[in-house]
Every structure is written in C-alpha cells, then in structure tokens.
Peer 1: 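Handing you a structure now.
These figures come from a predicted structure and were not determined experimentally. Numbered from 1 within each chain, the chains take letters A, B, ... in sequence-line order.
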Amino acid sequence: MSDQNQQPYELSDLYRIRHTAAHVLAQAVLALYPAAKLAIGPPIDNGFYYDFDLGLDDDGRRRTFKPDDLPWLEKRMRQIIAGKHPLVYREISAAEARQLFHDQPYKLELIDELSHSGEPISTYRQDSFEDLCRGPHVAHTGQIAPDAFQLMSIAGAYWRGDENRPMLQRIYGTAWPHKQELKAHLHMLAEARQRDHRKLGRELEIFILDDEIGPGLPLWLPNGNILREELERLAREMEDAAGYVYVSTPHIAKEALYLRSGHLPYYEDEMYAGMEREGATYYLKPMNCPFHHKIFGSKPRSYRDLPLRLSEYGTVYRYEQSGTLMGLLRVRGQTQNDAHIYCAESQLAAEFSAVLALYRHYFALFGIDKYVMRLSKHSKAGLGKKYVDDETMWLKMEDLIRQVMISENVPFVEADDEAAFYGPKIDVQIWSAIGREFSIATNQVDFAQPARFDLTFTNEQGVSEMPFCIHRAPLGSHERFIGFLIEHYAGNFPVWLSPEQVRVIPITDAHQAYAAELTAQLRATGIRAQAMVGSERMNAKVRQAQQMKLPYMLIVGDQEMADGTVSVRERSGIQQQGVAVAAFVQHVKGVVDGRSPHL
RNA sequence: GCCAGCUUAGCUCAGUCGGUAGAGCGACGCACUCGUAAUGCGUAGGUCAAGGGUUCGACUCCCUUAGCUGGCUCCA
C-alpha cells in the first residue's frame with residue numbers, strides 16, 4: 001500500500017526497515033525491562049509493533065508500560081540505530097533454538113510449531129540482541145532513519161489474539177524511509193481526525209451519544225434524521241422497482257420465538273437480557289428475520305407467491321462488547337436496511353444476483369469504488385455450536401454463492417469460520433476517505449430457519465416444499481452507513497442528502513421580509529431551506545453556513561429585492577449574482593431529483 | 001470483556017508545588033443595519049464525570065464505579 005514500485009509489501013525495503021525497527025524496539029525494551037518476555041513483532045501497514053510480557057510487579061499485578069516509557073525507548077532506539085549494527089542471519093536446529101530461547105516461553109511455543117511444520121528455524125542478531133525471526137531485515141541498523149520513526153501507542157493485546165491467553169503489552173510504532181514521509185503520515189492522521197464521523201456528527205448536529213441513554217445508543221438530531229429519511233426514500237424507490245413489499249414488526253418478542261429461530265441457543269451472548277412480565281420472558285430483537293418468517297408463515301403460500309420479498313427498515317439491539325463500541329460504527333441499537341427473500345431453491349441464484357445488482361447501483365450512486373466482497377463460510381469445528389449442523393447443506397450453499405459471484409464477475413475473497421449461524425453469506429467491506437473500514441452490506445443464504453419455522457409453500461405439483469431465504473441489507477444500518485457517508489463526503493453531502501439545502505441570508509434587517517418570502521417559496525417546492533435572521537453581520541452568517549457545509553447560500557439585499565433575484569453562493573465559494581428565483585429552483589430540483597453527486 | 005490513557009461551562013481547551021476555577025467560541029441582552037468565512041459592549045452559565053478515602057484544606061494524591069479514546073494474531 002505504501003509501496004511505490006509494484007513489488008509486494010513483504011519484499012519491499014520499507015518492510016525490512018519496519019521489521020528491523022521492531023527488533024530494535026525489542027532490544028530497547030530489554031534494556032528498560034530486562035525480565036521482559038518477547039512475543040512477536042511484525043511489520044504492519046504504516047509501521048510495526050512488538051508484543052511483550054513484562055511479568056508481575058511487586059504487588060503481583062501484571063506490569064505494564066507507562067506512557068513515559070515511550071520517549072525513553074525512542075531515545076534508546078536511536079542509540080542502537082547509530083551503532084550501525086549488522087543484522088546477522090543464521091539457521092539453527094530446533095534443539096539449538098530451544099536452548100537459545102530457554103527462558104522465552106512465547107518463543108518456545110513458536111519453535112514447537114515451527115519444528116512440527118518442518119520449516120527452517122532462523123534468527124537475526126543485531127548488537128547483543130538475537131531474535132527468532134525469518135526476516136527479512138535491512139543490512140544494518142543504520143539503515144533505519146533515526147528521524148523517520150516514532151513510537152505511537154501502548155495497547156493490551158492477547159497472545160495470539162485469544163482472550164483466554166495472557167494479555168501482553170504491545171507497542172505500536174510507525175516507520176518510514178525519510179523524515180518527510182513520517183511527517184506526511186502524521187499529517188494524514190491529523191486530517192483523518194478532522195473528518196472523523198464522531199467529530200463531524202457533533203459539529204453538523206447529526207447525532208449525539210448520551211451517557212444516560214446508554215453506550216452505543218445514538219440519538220438522531222433533526223439533521224441526522226433527514227439523512228435517514230432520504231436513505232429510506234432511496235431504498236423504497238429501488239425496492240418498489242425490484243418487487244419488494246413492506247412490513248413492520250415490533251422491537252420485542254417472547255422467548256419462544258428466539259428459541260425457535262435459534263437465536264437463543266446460538267446468539268444469546270449478543271442479546272440484551274430477557275424481561276419478565278406475567279411469567280413470560282421477552283427479549284429485544286437482535287435480528288428482524290424471525291418476525292418476517294412469521295409473516296411468511298401467516299398463511300398458506302403458493303409457488304405463485306414466490307419469490308416473496310419482505311422489506312423493513314427494522315431496528316435491532318445487540319449487546320456488543322463495551323470495548324468494541326465506536327461512534328456510529330459499532331453500536332448496540334441500529335436500524336437495518338433489511339429484507340428477506342423467500343424463494344424456491346431454483347430461484348436462489350437469480351435472486352442472489354438481483355441483490356448484487358442492487359449493491360452495484362448503490363455503490364455507483366455514492367461513488368464507492370473500493371470495496372471487497374467476502375464469502376464468509378462455516379468451519380467444520382463450529383458445526384453444531386456456532387453453526388447449524390448440516391455440513392452437506394453448508395457446502396452446497398457456499399458453492400451456490402461462489403458460482404453466482406463467478407458468473408456475475410464480482411471479485412471476492414473467501415473466509416472460513418465467519419458465517420451466520422444459519423448459513424453462508426457475502427459481506428461487503430468498504431473504506432471511508434480516511435481509510436477506516438466499514439463492513440456494511442450483507443447478503444446471506446439461510447437454509448436453517450425456514451425449517452425451524454416450518455415454512456412451506458405448495459409447488460407446481462401440489463406438493464409442500466420448504467422455501468429458502470435470502471437475508472440482505474445492501475445499505476447496512478443507518479448507523480454504519482451514515483457514519484460512513486459523513487467520512488466519505490467529509491460532511492459535504494450531495495444536495496439531495498443535505499439536511500439543509502439552502503440558507504437564505506438577508507444583508508440587513510430591511511431584507512428580512514424578502515428572505516422570509518423567498519424561503520417560503522423554496523419550501524413550497526420541496527427544497528429544504530431556512531432564512532437566517534439575527535443581528536450578526538452578513539459575513540458572520542456566511543461563515544456559519546460554510547461551517548455547517550450547506551450547499552447553497554442565497555444572499556439578498558437591495559439589489560435582489562429590486563429585481564426579484566438572488567445572489568447564489570455555493571459551498572465551493574463560487575458566486576453568481578442576479579439569478580432569477582425560478583432558475584435557481586429549477587437548478588436545485590434538477591440536482592436533487594437526479595441525486596447528483598455534485599452540487 | 002481485557003490492557004492503557006482520558007473526563008474542568010453547551011463546544012474546544014488553560015489551570016504551576018494541594019490553598020475550593022479561567023479563556024475563546026456558542027447562548028442571552030443592548031447597540032450597530034452592514035454585499036459573500038467572525039461588528040462592538042455587556043450578562044448568565046461549573047457539586048472540576050460519580051462515589052469514597054488521605055489531609056487543617058483535594059480539580060490536583062489514593063481507591064472504586066461510569067463514560068469516552070487507542071488497541072486486543074495484517075503470525076517467529
């Protein structure tokens with residue numbers, strides 16, 4: 001990614017620099033904490049990290065790095081770098097390796113794995129520090145620019161990412177060939193903070209989070225609610241055209257429903273605890289599907305009714321781990337662009353492709369050109385635990401999706417052990433302008449729940465048959481998608497999405513009546529407009545409207561009042577005076593109706 | 001959930017060595033009536049996240065809790 005030439009990152013000089021920087025960091029840490037146990041220290045995007053186990057302190061608590069350690073370690077690293085120590089490679093036997101790392105339990109675990117797999121075991125040594133490593137590295141430590149790396153943060157990290165294993169201390173660093181690139185990277189991080197949806201969400205009055213409401217439960221302000229409504233309108237138009245019908249379902253249901261759906265056995269950890277009333281236990285719904293299944297099953301269905309596409313912007317609640325909550329990206333209550341398509345097995349492929357077409361339409365509309373589709377599959381080990389126990393079906397459905405993706409020419413990657421409990425799925429990952437990943441859309445095949453709900457239809461032969469179900473959510477949830485859009489557009493929403501499309505700014509009090517009349521006229525045509533009264537000077541009003549990133553400002557004074565025109569200032573700063581009101585309205589309507597990505 | 005850090009006015013942030021708080025913006029009021037990114041003056045606004053402890057005295061030190069932020073296998 002950060003590589004200018006075409007060679008893969010793993011073979012680049014930068015990869016070597018970062019890898020060696022990680023070793024230098026480890027050497028520095030051993031100088032500060034001689035008893036530290038080393039885990040792993042790989043290069044990563046933009047830098048490197050190294051994981052350490054610092055042992056226990058005098059009170060028997062796990063010792064941790066202190067923020068003050070970082071400057072000390074950086075200084076020590078520069079000393080090591082200045083020594084221009086060569087990186088010396090050698091291959092050793094497993095026995096030698098065990099001897100060499102006899103007091104390094106994490107290394108011993110790695111050595112065991114390596115010796116089992118038969119891979120060669122090697123080390124790199126610089127100065128007095130020798131580390132188990134396959135490389136590659138730079139020739140000597142002097143090849144790391146002392147002013148082009150920086151230690152960034154301290155974090156806890158489980159050994160091998162497994163929460164049942166020890167919590168290690170991780171230090172993240174960033175490293176670059178030259179000082180300029182480091183500065184550019186730090187600058188980019190600062191820019192990203194400006195564009196963060198949490199910051200813009202507050203500044204543009206889109207949503208807030210309130211401690212007393214609860215973590216991960218956003219409140220949508222009037223501006224944010226307009227974004228939701230516009231997205232729902234869009235979805236509604238697309239789905240009407242694609243033959244969906246709309247339903248509405250409650251937010252809670254009795255235990256029995258989730259026992260039947262399988263959510264309670266498979267998904268309980270992610271559900272809010274039950275509420276008891278008159279001997280019955282109710283749960284907040286973590287998914288909309290069981291409700292839609294009930295609607296499908298509410299009357300006898302014929303093959304003529306299929307595919308039946310039930311759609312709902314449904315609100316679901318999931319108890320996400322507190323540490324994973326983040327702005328609108330990971331929340332505990334969200335409203336999903338949900339639908340369930342019930343169809344015969346023979347219709348599955350066609351329906352799956354139709355949903356993919358919907359995705360492509362949305363991506364084009366929002367200018368999302370970088371995305372990855374993941375085919376998330378079951379794992380053999382998870383059958384009967386995380387996944388319904390029917391391996392034949394899993395393999396069959398995974399292959400069906402694979403074939404559709406191939407025939408539709410949609411690039412995708414495959415991931416084991418990431419499916420829903422009721423079937424395999426396609427997940428779509430997109431990246432906002434600041435590089436944050438958003439897993440938004442999902443498209444799942446369900447062969448388990450229709451059986452659990454005894455769903456049937458009568459086929460052409462008059463025989464009862466079980467339908468399949470496709471769960472799909474191309475626009476994900478409002479929370480995630482709007483979080484994405486805020487960063488994607490940096491708050492400069494296209495006009496059709498802009499909560500306030502036009503702000504009318506009178507130059508003096510004498511022009512207020514004209515401004516009010518204009519605003520009423522604009523509103524009558526469906527344009528979201530507001531007059532800005534108040535005693536600030538016009539300049540201040542313009543500034544405020546710019547800060548709110550409003551697409552159009554209409555400035556009206558004597559001139560405009562006299563000839564019934566407006567002076568148009570676009571968000572970009574472009575101005576045009578003496579514009580006829582009708583012409584302006586026509587322009588805005590055109591841009592809005594076409595959902596133009598530009599002004 | 002786990003690790004670390006943070007939490008001072010609506011927002012962004014100062015606050016020295018422990019002696020009970022400040023600024024800018026915003027809000028409100030008054031004056032100004034102005035041509036494309038900040039008019040001036042004034043007023044109000046704080047249980048320093050919450051609870052407990054140490055101390056003559058705590059925003060400041062210690063403990064607990066809550067919330068937020070960065071992380072939690074881009075494999076030696």
Side-chain angles (χ1 to χ4, degrees), chain A residues 1 9-10 15 19 22-23 38-51 54 61-67 69 97 101 104 106-114 117 119-124 131-135 152-172 193 196 198-199 202-203 205 208-216 269 319-327 505-512 535-547 553-560 567-571 573-577:
Chain A
M1 141 177 197
Y9 178 42
E10 290 73 22
Y15 187 88
H19 205 166
H23 280 219
L38 307 183
I40 61 169
I44 54 174
D45 281 354
N46 302 324
F48 59 92
Y49 68 79
Y50 211 113
D51 285 344
L54 301 182
R61 275 183 296 211
R62 203 157 263 287
R63 188 175 282 130
T64 59
F65 286 114
K66 298 182 293 287
D69 291 343
F101 295 103
Q104 290 287 346
Y106 302 99
K107 298 295 181 190
L108 288 175
E109 186 175 326
L110 294 168
I111 292 165
D112 281 345
E113 285 174 20
L114 290 171
S117 68
E119 286 174 74
I121 295 175
S122 58
T123 69
Y124 276 84
D131 197 4
L132 183 73
C133 184
R134 74 170 163 204
M152 302 298 282
S153 60
I154 300 165
Y158 297 106
W159 170 235
R160 317 225 103 173
D162 182 345
E163 62 187 1
N164 299 312
R165 317 239 12 212
M167 168 71 67
L168 305 173
Q169 286 283 302
R170 174 172 299 180
I171 294 179
Y172 280 96
R193 279 194 288 277
D196 190 306
R198 290 166 295 185
K199 178 178 158 72
R202 184 175 55 247
E203 289 174 356
E205 298 184 11
I208 54 168
L209 289 160
D210 184 284
D211 290 359
E212 231 169 319
I213 303 279
D269 285 352
Y319 200 82
E320 301 284 353
Q321 291 197 337
S322 56
T324 63
L325 299 174
M326 211 281 266
I505 299 176
I507 291 176
T508 76
D509 291 355
H511 313 115
Q512 283 197 11
S535 62
E536 308 97 318
R537 284 166 48 170
M538 178 209 53
N539 288 286
K541 292 179 182 172
V542 169
R543 180 167 190 267
Q544 200 183 321
Q546 286 282 163
Q547 285 178 328
M553 280 160 261
L554 296 185
I555 288 132
V556 295
D558 288 341
Q559 192 67 45
E560 288 74 18
S567 170
V568 181
R569 181 189 164 107
E570 295 186 359
R571 182 162 52 196
I574 293 172
Q575 300 167 29
Q576 205 185 343
Q577 305 206 356

Peer 1: Please determine whether a side-chain nitrogen or oxygen atom of A:R134 lies at a distance below 4.0 Å from atom OP1 or OP2 of B:C75.
Peer 2: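 The answer is no; no side-chain N or O of A:R134 sits under 4.0 Å from OP1 or OP2.
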Peer 1: At less than 4.0 Å, is any side-chain N or O atom of A:R537 found next to OP1 or OP2 of B:U39? Yes or no.
Peer 2: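 Indeed, a polar side-chain atom of A:R537 lies that close.
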Peer 1: How would you label the contact of A:A157 with the nucleic acid (heavy atoms, under 4.0 Å): base, sugar-phosphate, or nothing?
Peer 2: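 A:A157: backbone/sugar contact only, no base atoms under 4.0 Å.
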Peer 1: Look through every strand shown and name the nucleotide pairing with B:U73 as Watson-Crick or G-U wobble, where both distances are under 3.5 Å.
Peer 2: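 Across all strands, not a single nucleotide pairs with B:U73.
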Peer 1: Using only modelled atom types and a 3.5 angstrom limit, is any donor from either the side chain of A:Y158 or the base of B:G71 paired with an acceptor on the other?
Peer 2: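 In this structure, the two groups form no donor-acceptor pair.
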Peer 1: If B:A58 has a Watson-Crick or G-U wobble mate with both distances under 3.5 Å, name it; if not, just say none.
Peer 2: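 By the stated definition (distances under 3.5 Å), nothing pairs with B:A58.
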Peer 1: Quick one: the side chain of A:D509 and the base of B:U33, do they pair up donor-acceptor inside 3.5 Å?
Peer 2: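 Yes, the side chain and the base share a sub-3.5 Å donor-acceptor pair.
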Peer 1: What's A:Q544 touching, base or sugar-phosphate or nothing? Going by heavy atoms closer than 4.0 Å.
Peer 2: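 Nothing, no nucleic acid heavy atom in range.
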Peer 1: Report which part of the nucleic acid A:Y172 touches: base, sugar-phosphate, or nothing (heavy-atom distance under 4.0 Å, all strands).
Peer 2: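 Sugar-phosphate contact only.
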Peer 1: At 4.0 Å (heavy atoms only), tell me whether A:K107 reaches a base, stays on the sugar-phosphate, or touches nothing.
Peer 2: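 Sugar-phosphate: the residue A:K107, judged by heavy atoms under 4.0 Å, touches backbone atoms but no base.
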Peer 1: Which heavy atom of A:R569 sits nearest a heavy atom of A:Q575, and at what distance?
Peer 2: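 That would be NH1-NE2, 3.9 Å.
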Peer 1: Base, sugar-phosphate, or nothing for A:R62, non-hydrogen atoms under 4.0 angstrom?
Peer 2: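 It contacts nothing in the nucleic acid.
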Peer 1: Within less than 4.0 Å of OP1 or OP2 of B:G70, is there a side-chain N or O belonging to A:R198?
Peer 2: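 So the side chain of A:R198 is within the cut-off, an N or O lying under 4.0 Å from OP1 or OP2 of B:G70.
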Peer 1: Under the 3.5 angstrom rule, does the side chain of A:E560 hit a backbone N or O of A:G557 as a donor-acceptor pair?
Peer 2: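 Confirmed, A:E560 side chain pairs with A:G557 backbone.
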Peer 1: Taking only residues two or more places apart in sequence, or in another chain, which ones meet A:E10 in a salt bridge (charged side-chain N to carboxylate O under 4.0 Å, His left out)?
Peer 2: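 Partners of A:E10 by the salt bridge (charged side-chain N to carboxylate O under 4.0 Å, His left out) criterion come out as none, since no residue qualifies.
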Peer 1: Of the nucleotides B:G67, B:C11, B:G1, which one has an atom closest to the side chain of A:R202?
Peer 2: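 Of all the options, the side chain of A:R202 is nearest to B:C11.
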Peer 1: Considering every strand shown, what is the Watson-Crick or G-U wobble mate of B:U7 when both distances are under 3.5 Å?
Peer 2: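 Because both required distances fall under 3.5 Å, B:U7 counts as paired with B:A66.
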Peer 1: Scan A:Q169 against the nucleic acid and name what it touches under 4.0 Å (heavy atoms): base, sugar-phosphate only, or nothing.
Peer 2: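 Sugar-phosphate, backbone atoms only, no base.
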Peer 1: Under 4.0 Å, heavy atoms only, any strand: does A:E10 hit a base, just the sugar-phosphate, or nothing?
Peer 2: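 The answer is nothing, as A:E10 stays clear of every strand by at least 4.0 Å.
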Peer 1: Return the pairing partner of B:A44 with a 3.5 Å limit on both distances, Watson-Crick or G-U wobble; otherwise return none.
Peer 2: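 Base partner found: none.
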Peer 1: Considering only NZ, NE, NH1 and NH2 on the basic side and carboxylate oxygens on the acidic side, decide whether A:R160 and A:D162 come within less than 4.0 Å.
Peer 2: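 Here A:R160 does not pair with A:D162 in a salt bridge, since their nearest N and O are not under 4.0 Å apart.
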Peer 1: In Å and rounded to the nearest 0.5 Å, what is the OH to NE2 distance from A:Y50 to A:H19?
Peer 2: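 Atom-to-atom, A:Y50:OH and A:H19:NE2 are 8.0 Å apart.
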Peer 1: Regarding A:T64, tell me which of base, sugar-phosphate or nothing describes its non-hydrogen contacts under 4.0 Å with the strands shown.
Peer 2: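 Here A:T64 touches the backbone only, sparing every base.
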